[in-house]
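Just so it is clear, the values below take in all heavy atoms, side chains as well, and ignore hydrogens, waters and symmetry mates.
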Amino acid sequence: MSEKKPNIILLVLDTHRLERMSVYGYQKDTTPELGEFAEGATVFDWGISTAAWTVPSHASMFTGLYPTVHQTTQSFHKLPDNIPTLAEQLRQGGYETVAFCNNPLVGVLDNGFRRGFNHFYNYSGTIPDVPDIGNIGGLKQLQRQFNGLLQKFTGPIERQFGQSPLLLKLATLPIFVPLWSRTFNFKGNTGRSLRDVNDYLRYHGNTHADRPLFMFINMRETHLPYYPPKPVIDRWVPYYSKDSEARSFVNRFNVESYRWMAPMLEPFDEKQHQVLSDMYDAEVAYQDRQLRRVLRYLSRSGQLDNTMVIVTSDHGESIGEHEFMGHAFVVYSELVRVPLFIRYPERFPAGKRVSHEVSTRRIYHTVLEAAGIEQDAHGEPAQALSLSRSLGGAEAEPEHEVVVSEGFPPENFINVMEMTNPEAIEQFRLRKLRRAVYDDGRKLMTVGGQPDEFFDVRTDPGETRNLLDQPLGYENDILRLQHTLDDWAILAGAQRDGVAPAGVVDYSDDPELLERLRGLGYIE
């Protein structure tokens with residue numbers, strides 16, 4: 001094993017569906033670059049995100065905690081200061097920490113996600129950052145200084161959209177959507193950010209090769225609205241240029257942003273679903289092509305010899321499945337089963353596939369283990385929860401590890417729906433907390449704490465057959481997962497209460513909770 005700490009790259013393919021990648025069996029070759037890269041990686045077939053939308057999911061990857069514990073479940077929330085972030089831990093451990101982010105919910109909002117980064121380059125928002133790589137001068141330096149001045153004015157305004165339902169409602173009016181979605185870089189700038197990633201990797205390798213690097217990259221090409229270049233559309237949606245009905249629908253949908261994260265009051269017809277699905281594939285392929293520059297540079301430069309690269313997503317995307325479009329409210333597999341593969345042969349063998357469920361929150365522990373940083377939170381040392389423990393199969397996992405996704409509904413969007421479509425809130429139970437627990441190919445989903453759906457996801461990965469309706473042969477699995485989730489909720493609540501400056505909680509005034517924790521083996 002090398003003595004030098006590895007460089008670590010965390011690449012988050014924001015809003016990326018797992019089954020749209022060849023490495024996971026997709027018949028269309030939309031991701032040849034990622035597919036080739038994954039050949040040298042350990043692939044996790046059942047990576048499960050902790051949440052179905054950006055804020056709680058990223059908070060989990062950055063802290064190693066489930067949303068119930070870290071409590072950052074809304075766009076107006078901020079990570080508790082006493083919860084250390086991954087970047088903070090790595091920076092304290094001697095790493096240079098840098099981010100290239102295309103998501104305003106991560107890079108613009110004042111939610112604590114930027115804590116610990118030496119440099120955080122944000123490509124979304126009105127005024128994107130200009131990286132200060134090396135000795136930049138002349139017009140570039142002036143541009144950076146001017147942008148910094150403008151950001152002092154635009155930043156507070158942009159952050160208000162994460163807090164004010166009225167502003168969010170105004171922004172969803174079709175007349176304004178093209179302004180913020182394109183002119184104001186809602187999806188960031190994939191090409192520019194990846195060029196800067198390459199430049200930074202080259203700069204760091206030439207000037208600071210003795211200092212390990214942690215790089216977080218968020219790419220958001222596959223998020224709505226869908227505007228891939230015409231040559232990409234011509235290849236992946238060949239009928240588009242001649243089908244005026246399909247074009248009209250996509251153009252209209254691209255500005256109806258209130259439909260991007262909402263229940264389906266009326267289902268798509270066959271053509272509407274097909275063109276949205278194909279446009280999504282076009283965005284996937286366009287993003288993969290742009291990734292080629294970085295992946296090939298890493299390989300040709302020799303930096304992969306001592307670099308861990310983790311590729312994942314924060315969540316997927318519904319395209320009309322289960323009566324929903326977009327993401328956030330529900331925890332079906334099209335949203336929470338995400339790509340996850342790790343290229344670092346020193347710990348994760350090339351060609352290895354892990355077939356059981358693992359949580360993306362463990363990316364945090366995996367990175368700390370690779371960096372040689374010992375950290376203990378809630379009795380869970382980094383080594384104990386590193387995904388390297390998963391290589392021996394499910395039986396090698398930590399005894400109390402449970403794989404859960406949580407659906408904390410985004411309150412701002414519900415408040416907007418109160419103004420536009422209040423009846424849908426009750427009809428689709430949007431205010432209720434949803435959870436899903438996975439184990440050994442079984443999945444139980446609850447709504448408001450009550451069992452709602454149960455699936456055998458190995459035989460029914462699309463979750464089309466709710467076995468709660470006909471549980472014959474699955475009765476024991478349903479009861480087992482219900483007890484598992486109940487016990488997990490008790491532990492998570494106890495951990496949440498333990499997020500305090502001293503990190504210690506006195507449960508003596510709650511004898512029932514104390515007894516349950518003792519019975520579960522978490523305290524003596």
Side-chain angles (χ1 to χ4, degrees), residues 1-13 21 23 31-44 47 61 86-87 89-100 117-119 131 133-134 193-219 288-312 339-354 362-374 382-383 386-391:
M1 223 174 252
S2 65
E3 296 182 2
K4 182 183 176 183
K5 290 186 175 183
N7 293 333
I8 300 169
I9 298 175
L10 173 56
L11 171 59
V12 175
L13 308 172
M21 304 176 74
V23 67
T31 54
E33 300 301 328
L34 285 167
E36 181 180 344
F37 190 77
E39 290 176 3
T42 290
V43 177
F44 295 82
M61 287 188 283
L86 185 58
Q89 297 271 32
L90 291 168
R91 185 173 180 177
Q92 292 171 9
Y95 273 74
E96 177 80 7
T97 54
V98 59
F100 294 82
F117 284 100
N118 296 106
H119 306 283
I133 300 171
S193 63
L194 289 178
R195 287 193 296 272
D196 289 345
V197 164
N198 250 23
D199 289 344
Y200 200 97
L201 288 170
R202 188 177 294 107
Y203 163 73
H204 182 87
N206 291 336
T207 61
H208 298 85
D210 57 333
R211 186 177 184 185
L213 172 69
F214 170 64
M215 180 180 285
F216 162 67
I217 307 169
N218 175 291
M219 298 180 61
D288 184 80
R289 176 67 181 183
Q290 293 179 91
L291 270 170
R292 178 181 184 176
R293 176 194 304 265
V294 171
L295 298 179
R296 297 198 174 185
Y297 173 75
L298 284 170
S299 179
R300 292 170 180 170
S301 67
Q303 292 194 33
L304 277 181
D305 295 341
N306 192 43
T307 299
M308 169 189 276
V309 182
I310 302 174
V311 180
T312 191
L340 175 60
F341 47 93
I342 302 177
R343 182 159 177 161
Y344 186 46
E346 190 163 311
R347 292 181 186 270
F348 293 88
K352 173 78 173 177
R353 295 195 82 112
V354 175
R362 294 171 61 187
I363 289 172
Y364 172 88
H365 307 86
T366 306
V367 169
L368 292 184
E369 181 192 46
I373 297 174
E374 296 183 4
Q383 287 186 339
S386 168
L387 288 169
S388 63
R389 289 283 301 271
S390 302
L391 303 181

Practice task
Decide yes or no on side chain to side chain contact (heavy atoms under 4.5 Å, CB included) for L391 and V354, but give the supporting numbers first.
Solution key: CA-CA 7 Å; L391 303 181; V354 175; 4.1 Å; yes
Handout entry: Heavy-atom side-chain proximity of L387 to L340 below 4.5 angstrom
Key = yes
Problem - Atom pair CG (L11) and CG (L295), whose distance is rounded to the nearest 0.5 Å - result: 7.5 Å
Problem - From CA spacing to verdict: side chain to side chain contact (heavy atoms under 4.5 Å, CB included), N7, L201 - result: CA-CA 10 Å; N7 293 333; L201 288 170; over 6 Å; no
Handout entry: Minimal non-hydrogen separation, L86 against M61, with atom names
Key = CD2-O, 4.2 Å
Completion exercise
For Y344 and A370, the nearest pair of non-hydrogen atoms, with its separation, is CE2-CB, 4.5 Å
Problem - Point-to-point distance, once rounded to the nearest 0.5 Å, from CG of D199 to OH of Y297 - result: 9.0 Å
Practice task
For the residue pair E36 and R292, establish whether any side-chain heavy-atom pair is separated by less than 4.5 Å.
Solution key: no
Fill in the blank from the handout: Heavy-atom closest pair (M21 atom, P339 atom, distance to 0.1 Å) is SD-CB, 3.5 Å
Problem - Heavy-atom side-chain proximity of F37 to L291 below 4.5 angstrom - result: no
Practice task
Mind listing the closest non-hydrogen atom pair of I8 and A371 along with its distance?
Solution key: CD1-CB, 4.2 Å
Fill in the blank from the handout: Contacts of R389 meeting side-chain contact (heavy atoms from CB on, under 4.5 Å) (sequence neighbours excluded), chain-then-number -> R362, A384, E397, P398
Fill in the blank from the handout: In terms of heavy-atom contacts, D288 and E33 come closest through OD2-N, 2.9 Å
Handout entry: Nearest heavy atoms of F44 and F348, plus distance in Å
Key = CZ-CE2, 4.1 Å
Donor-acceptor list for residues 205-217 side chains, cut-off 3.5 Å, not counting sequence neighbours:
{"residue": "N206", "atom": "ND2", "partner": "R202", "partner atom": "O", "Å": "3.2"}
{"residue": "T207", "atom": "OG1", "partner": "Y203", "partner atom": "O", "Å": "2.7"}
{"residue": "R211", "atom": "NE", "partner": "G94", "partner atom": "O", "Å": "3.3"}
{"residue": "R211", "atom": "NH1", "partner": "E96", "partner atom": "OE1", "Å": "2.7"}
{"residue": "R211", "atom": "NH2", "partner": "Y95", "partner atom": "O", "Å": "3.2"}

Handout entry: Verdict with reasoning, I9 to V294, per side chain to side chain contact (heavy atoms under 4.5 Å, CB included)
Key = CA-CA 11 Å; I9 298 175; V294 171; 5.8 Å; no
Exercise for the section: For a side-chain contact (heavy atoms from CB on, under 4.5 Å) with V23, tell me which candidate from V43, T31, L34 qualifies. Expected result: V43
Problem - Identified side-chain contact (heavy atoms from CB on, under 4.5 Å) partner of I363 from the options I310, I342, L368 - result: I310
Exercise for the section: Could you tell me whether R289 atom CZ has more than 12 heavy atoms of other residues or ligands within 6.0 Å of it? Expected result: no
Fill in the blank from the handout: Taken to the nearest 0.5 Å, the spacing of T307 OG1 from R343 CZ works out to 10.5 Å
Exercise for the section: To the nearest 0.5 Å, tell me how far L90 CG sits from K5 NZ. Expected result: 8.5 Å
Practice task
Go through the steps for L194 and M219 under the test side chain to side chain contact (heavy atoms under 4.5 Å, CB included), then give the verdict.
Solution key: CA-CA 9 Å; L194 289 178; M219 298 180 61; 3.4 Å; yes
Completion exercise
Sequence neighbours excluded, the answer for side-chain contact (heavy atoms from CB on, under 4.5 Å) partners of S386 is T366, E369, S388
Problem - N118 side chain vs T97 backbone, donor-acceptor pair below 3.5 Å - result: yes
